[in-house]
Amino acid sequence: KSKYESQGTPSTGLPAGTSSQTLVPASQRNGRLTSLAGSLRNKHLNEDTIFAALRDFAINQCEDGENYFVVEEAKLKDLSHRMVTKYTAEPLPPLITIGKTPAPALARLNLVRGDTVKAEKITWLWTGKIPVGKLTLFVGHPGIGKGLCTTDIAARLTTGKDFPDSANTFPASEVIICSSEDDAGDTLKPRLMAAGADDTKWFIIPNEDKVFSLDTDLPALKAELQEHPAVRLVIIDPVMNHCGQTNGYKEQDLRRVLTPLGKLAQEFKIAVIVVTHFNKKSDAEMIARVGGAMALVGCVRSAWSFTESRDEEGVRLMLPMKSNLSASDKGIQYEIDTTDILIEGDKVEMARIKWGVESHEKASSALASFNEPKVTKVTNAMGWLASYLSDGTAHHVGTMTKTAELSGHNKVILDKAYKKLSGMKTAQKADGWYWQLPFKPDPIEPIEPATQVGPEVGIPETKETL
């Protein structure tokens, strides 16, 4: 309806309060009619409706309206036709097919009794970490290796290779990757090559014409899944770049696009990994550190944080942040390694993931320490080693290692500490290897955890205990 139909009086269609003294003069009539026709066109009304509105306006709003309409009816029909056929209306906002339009009220709830529900086992893509038919969230600071981890997982699926801590129960499968930040040719493919992927089994959604958007393009994704039934995983990285016109920072808006995505995962029995970053709220609880609305955590069934180890330099952690489907609280360590691949006949060094042992560190404590000064095991070992070698002479490594172990420093950590102290090239003698610093350092005291007075006077408690 035009505003005259919706706001005017039933008898004349005039806006409330309009009288003959405010009728549009003949000198302004054509301009006002053309303006009204354009406004109605932008409301996507059809030709007949626009003509009816122009007729009512001419008769009821303009001076000598009845006579004008009799004479100029054909012109008004022509104006209505031209507005619809010649000019392009402003585009409608993108439609979200699920959740935007309220569903009709239910006549009955049609309750389902518990004994008629069939219990089903969870199917895992990566046991305990990535469920099939559900959404999984990967979240971490930029540069922490999330993208390398997703490409490693993708590569394992394309070849049927086992996961680092569990078997891959699927045959070689296909993967769809949606990435708006990494270039396909110089980043994604080299990473997948370094991870050992089968190039015939992974696909990239191109971004040349239009960036894939969850609010408009899920039907297109569904069509691809129907055409490629061997797809087992879809990766969307970063998910906030693929929300289209949806405001990813508004709870209900984000749910309107994630819920249909989850239903798609369930329908085609695929896993979907959505990737995002932590925000800058360093003083907030961990779940509030996830970039975007809280729905990003609420809609997924499994969420994993990626951060650095506080204790071991170069070691990074994939830790459980939320799991509705697994009782396990185990994470896994990883490091960023490199390997050589061939590109255009030349050897190129490319990063890849080297998985480590399981980790029982809590994601909240690991993230809380991310911005704090890192007092690592290597740092403490450097202090111990500098004191041990402070006399400037060479010391037997075997004897030194046994002494170091009594102070809690193992051989691996000791090796890293020695390199950081710029230790001289080790010398081998008849009775073994010797270490020596190229200078006589001032002793560095090992850094101990901060303490504070406990609830009872004189009883110190570490922050970790508190």
Side-chain angles (χ1 to χ4, degrees), residues 120-142 144-147 149-150 152-153 163-166 214 233-240 242-243 248-266 269-310 316-334 355 358-370:
E120 299 177 0
K121 295 188 297 183
I122 294 294
T123 302
W124 293 96
L125 192 75
W126 182 356
T127 303
K129 294 178 174 63
I130 303 175
V132 172
K134 315 288 182 184
L135 304 184
T136 296
L137 174 66
F138 281 8
V139 56
H141 289 292
I144 199 67
K146 303 183 300 298
C149 288
T150 58
D152 180 88
I153 294 166
F163 291 98
D165 59 355
S166 62
L214 291 171
L233 173 66
V234 172
I235 299 167
I236 303 177
D237 181 10
V239 67
M240 297 301 286
H242 297 279
C243 290
Y249 294 90
K250 289 189 176 180
E251 186 79 10
Q252 293 306 316
D253 288 2
L254 193 56
R255 285 185 181 274
R256 288 190 186 106
V257 295
L258 291 180
T259 299
L261 180 62
K263 290 183 181 295
L264 204 62
Q266 186 176 22
K269 294 180 173 56
I270 61 170
V272 177
I273 298 176
V274 293
V275 184
T276 192
H277 302 304
F278 283 121
N279 57 39
K280 297 179 181 179
K281 299 176 182 177
S282 58
D283 58 343
E285 291 185 13
M286 181 170 186
I287 199 170
R289 295 288 309 276
V290 177
M294 195 71 72
L296 195 54
V297 179
C299 287
V300 303
R301 299 298 86 193
S302 179
W304 293 84
S305 69
F306 292 75
T307 188
E308 294 179 352
S309 170
R310 183 178 175 85
R316 306 178 185 206
L317 305 170
M318 175 182 172
L319 300 173
M321 190 170 71
K322 168 190 173 179
S323 180
N324 293 78
L325 307 173
S326 173
S328 173
D329 61 351
K330 294 185 297 184
I332 188 169
Q333 295 182 358
Y334 67 95
W355 296 101
E358 68 180 37
S359 173
H360 293 276
E361 189 166 350
K362 299 297 182 184
S364 55
S365 61
L367 181 61
S369 65
F370 184 84

Legend entry - Criterion side-chain contact (heavy atoms from CB on, under 4.5 Å) on V300 and F138, from CA distance to verdict: CA-CA 10 Å; V300 303; F138 281 8; over 6 Å; no
List the atom pairs, with distances to 0.1 Å, where a side-chain N or O of residues 123-130 and a protein N or O form a donor-acceptor pair under 3.5 Å, not counting sequence neighbours.
unit_1	atom_1	unit_2	atom_2	d
W126	NE1	D165	OD1	2.7
K129	NZ	D165	OD2	2.7

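Between the CG atom in L254 and the SG atom in C299 there is a gap of 6.5 Å [rounded to 0.5 Å]. A distance of 7.5 Å separates CD1 of I332 from CE of M318, quoted to the nearest 0.5 Å. How far NZ of K250 is from SG of C243: 13.5 Å, rounded to the nearest 0.5 Å. With rounding to the nearest 0.5 Å, the separation of CG in L135 from CD1 in I270 is 9.0 Å.
Looking at D152 and Y334, their side chains never come closer than 4.5 Å, going by heavy atoms from C-beta outward. R316 is not listed as a side-chain neighbour of Q333, based on a closest heavy-atom distance of 4.5 Å or more. The side-chain heavy atoms of V297 and V139, taken from C-beta on, include no pair separated by under 4.5 Å. Proximity of S359 to L319: side-chain heavy atoms (C-beta onward) are separated by under 4.5 Å at one or more points. Contact annotation: the side chain of H277 approaches that of K146 to within less than 4.5 Å [non-hydrogen atoms, C-beta and beyond]. The closest side-chain heavy-atom distance from M321 to L137 is below 4.5 Å.
Annotation: side-chain hydrogen bond (donor to acceptor under 3.5 Å, both in side chains) contacts of T276 (sequence neighbours excluded): none.
Under the side-chain contact (heavy atoms from CB on, under 4.5 Å) test applied with V239, the options V275, L214, L261 reduce to a single match, L214.
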